[in-house]
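Chain identifiers are assigned alphabetically (A, B, ...) following the order of the sequence lines, protein sequences preceding nucleic acid strands; residue numbering begins at 1 within each chain. Owing to the predicted nature of the structure, the values given are computational and were not obtained by experimental measurement.
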2 protein chains.
Amino acid sequence: MSSGHNSKKNKELLQLDNQLCFSLYSAANAMTRAYRPLLDALDLTYLQYMAMMVLWEEQSVSVKRLGERLHLDSGTLTPLLKRLEAKGLVSRGRSPDDERVRVITLTDAGQALKIQAVEVPEQILCQTCMPLDELKQIKQLCDQLLKNLSS
Amino acid sequence: MSSGHNSKKNKELLQLDNQLCFSLYSAANAMTRAYRPLLDALDLTYLQYMAMMVLWEEQSVSVKRLGERLHLDSGTLTPLLKRLEAKGLVSRGRSPDDERVRVITLTDAGQALKIQAVEVPEQILCQTCMPLDELKQIKQLCDQLLKNLSS
DNA sequence: TAAAATTAAGTTGCGTACAATGTAATTGCT
DNA sequence: AGCAATTACATTGTACGCAACTTAATTTTA
């Protein structure tokens with residue numbers, strides 16, 4: 001119900017360039033675009049790179065665990081992991097304790113890729129042309145936002 | 001080239017939870033997830049909603065102009081606009097001045113949808129559970145980031 | 001003014017995101 | 001033990017994003 005007295009507010013609310021969400025969305029798209037040429041050298045997409053980061057930290061994870069870390073579900077992860085397996089970067093085994101659970105494990109090739117990956121975040125940091133404290137601020141605010149929206 | 005003395009820094013750089021980009025990416029995904037149930041009532045996706053916002057502002061735009069405003073290309077927009085046309089929200093004509101140019105125009109149904117759309121941003125704002133100044137801060141920082149990455 | 005270059009949009013193909021649904025293994029309950 | 005509920009993952013289908021390429025119209029320029 002929009003009564004006359006707030007029509008100006010309504011107008012502002014519906015302008016694209018006033019939308020926080022749109023800024024977030026565009027900045028996130030721009031970020032993955034910035035990563036693309038760097039990740040091409042590793043033959044990884046941005047999401048594949050994030051999945052590999054989890055594996056470089058944990059060596060071995062279930063699909064569920066990976067989904068919790070990346071905030072994604074099996075509908076996204078299953079095909080992704082099959083592609084990583086096809087590239088020889090991970091193996092997709094089963095847990096002996098629970099046959100339902102897929103255990104994703106780094107292969108030697110997957111482990112080796114970490115060395116080349118180290119330079120990527122540095123170069124991106126550079127491309128943002130923004131001071132570290134502002135970048136940390138965005139990160140902190142985004143983390144808070146994600147937390148609030150997820151609860 | 002990663003020499004031994006910065007191996008600790010490298011380790012930190014490759015941890016998922018230290019990645020600004022990942023926070024941005026996850027927050028943007030969470031935002032579109034938050035919009036989804038609200039936009040379902042309008043039978044719009046998030047991107048379709050953004051395209052409609054441009055049209056509610058401008059009445060009529062070329063694909064090029066729309067792409068500039070949304071930071072997207074014809075590969076994304078052409079199928080999107082066909083879907084909006086199929087829903088009867090826009091018409092896809094040609095410019096008489098330049099036959100190459102598609103002129104996307106709001107239909108009456110498209111115009112009418114604006115009334116229902118007004119409530120969406122308010123509800124989202126509410127769901128973020130964050131003070132307005134922090135939201136404005138994210139927006140400003142994201143806009144800066146996008147600008148830097150695009151230049 | 002005719003060929004070359006540019007521009008606007010469309011097409012194809014790949015890889016996400018995610019809802020909805022399915023399947024098989026495990027757990028909980030009685 | 002036996003059956004219902006839950007859990008973990010897979011599958012299907014829709015809609016983005018975007019690179020690479022194509023087509024057709026317009027502009028440039030020699």
Side-chain angles (χ1 to χ4, degrees), chain A residues 22 25-40 42-52 61-68 70-87 92-104 146 149-150, chain B residues 21-22 25-37 39-40 43-52 61-68 70-87 90 92-104 146 149-150:
Chain A
F22 175 63
Y25 164 91
S26 298
N29 280 348
M31 266 295 199
T32 59
R33 272 196 297 273
Y35 268 94
R36 197 182 313 268
L38 301 178
L39 292 178
D40 277 351
L42 313 193
D43 189 30
L44 291 176
T45 65
Y46 179 64
L47 180 60
Q48 287 166 11
Y49 172 69
M50 290 197 301
M52 291 302 289
V61 287
S62 65
V63 173
K64 178 182 157 69
R65 168 75 178 150
L66 189 60
E68 285 166 357
L70 299 178
H71 312 295
L72 294 170
D73 71 359
S74 69
T76 303
L77 294 178
T78 297
L80 173 91
L81 292 168
K82 284 182 177 174
R83 277 177 217 118
L84 289 179
E85 184 184 40
K87 294 183 199 190
R92 298 169 62 245
R94 294 275 186 193
S95 164
D97 297 348
D98 186 337
E99 277 291 318
R100 290 170 306 178
V101 175
R102 275 245 185 246
V103 179
I104 313 301
L146 174 63
L149 289 174
S150 307
Chain B
C21 184
F22 174 64
Y25 165 91
S26 298
N29 281 347
M31 267 294 199
T32 60
R33 273 196 296 273
Y35 269 95
R36 197 180 312 268
L39 292 178
D40 277 351
D43 189 29
L44 290 177
T45 65
Y46 179 63
L47 180 59
Q48 288 166 11
Y49 172 68
M50 291 197 300
M52 291 303 289
V61 287
S62 66
V63 174
K64 179 182 157 68
R65 167 76 177 148
L66 190 60
E68 284 165 359
L70 298 177
H71 312 293
L72 292 170
D73 69 0
S74 68
T76 303
L77 293 178
T78 295
L80 173 91
L81 292 169
K82 285 182 177 174
R83 276 175 219 120
L84 289 179
E85 184 184 41
K87 294 184 199 192
V90 307
R92 298 169 63 244
R94 294 274 185 195
S95 165
D97 297 347
D98 187 337
E99 278 291 319
R100 291 171 305 178
V101 176
R102 275 247 185 242
V103 179
I104 314 301
L146 173 63
L149 289 174
S150 305

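Remark: P of D/dC16 and CG of B/D73 are 13 Å apart, rounded to the nearest angstrom. Between A/L77 atom CG and D/dT11 atom P there is a gap of 14 Å when expressed in whole angstrom units. When rounded to the nearest whole Å, the span between CG of B/D40 and P of C/dC18 equals 14 Å. Computed from coordinates, the A/I104 CD1 to D/dC9 C1' distance equals 10 Å when rounded to whole Å.
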Requested in this report: Test B/L84 against B/L81 for side-chain contact (heavy atoms from CB on, under 4.5 Å), laying out the working first.
Outcome: CA-CA 5 Å; B/L84 289 179; B/L81 292 169; 4.3 Å; yes
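In terms of phosphate contacts, B/R92 brings a side-chain nitrogen or oxygen within less than 4.0 Å of OP1 or OP2 of C/dG10. The shortest distance between the side-chain N/O atoms of B/R102 and the OP1/OP2 oxygens of C/dA8 is not below 4.0 Å. A sub-4.0 Å separation between OP1 or OP2 of D/dT11 and a side-chain N or O of A/K82 is present.
The aromatic rings of B/F22 and A/H71 lie parallel to each other, with less than 30° between the two planes, well short of the 60° mark.
Within the 4.0 angstrom heavy-atom criterion, only backbone atoms of the sugar-phosphate kind lie near A/R36; the bases stay farther away. Using a 4.0 Å heavy-atom distance criterion, A/T45 is classed as a sugar-phosphate-only contact. If you check every strand for non-hydrogen atoms under 4.0 Å, B/S74 touches a base. Across all strands, A/L80 comes closer than 4.0 Å only to sugar-phosphate atoms, never to a base (heavy-atom distances). Within 4.0 Å (heavy atoms only), A/L72 reaches sugar-phosphate atoms of the nucleic acid but no base atom. Heavy atoms of A/R65 sit nowhere under 4.0 angstrom from any nucleic acid atom.
For B/V63, the listed nucleotide lying nearest its side chain is C/dG10; candidates were C/dG10, C/dC18, C/dG15. In the set C/dG15, D/dA15, C/dC18, C/dG15 carries the atom at the smallest distance from any side-chain atom of A/R83. Distance from the side chain of B/R33 is smallest for C/dA19 among the nucleotides C/dA19, D/dA19, D/dA25.
With hydrogens and angles ignored, the 3.5 Å screen pairs a side-chain donor or acceptor of B/T32 with a backbone N or O of B/N29. Under the 3.5 Å distance criterion, the side-chain polar atoms of A/R102 are matched with a main-chain donor or acceptor of A/R92.
The base of D/dT26 does not come close enough to the side chain of B/R100 for any donor and acceptor atom to sit less than 3.5 Å apart.
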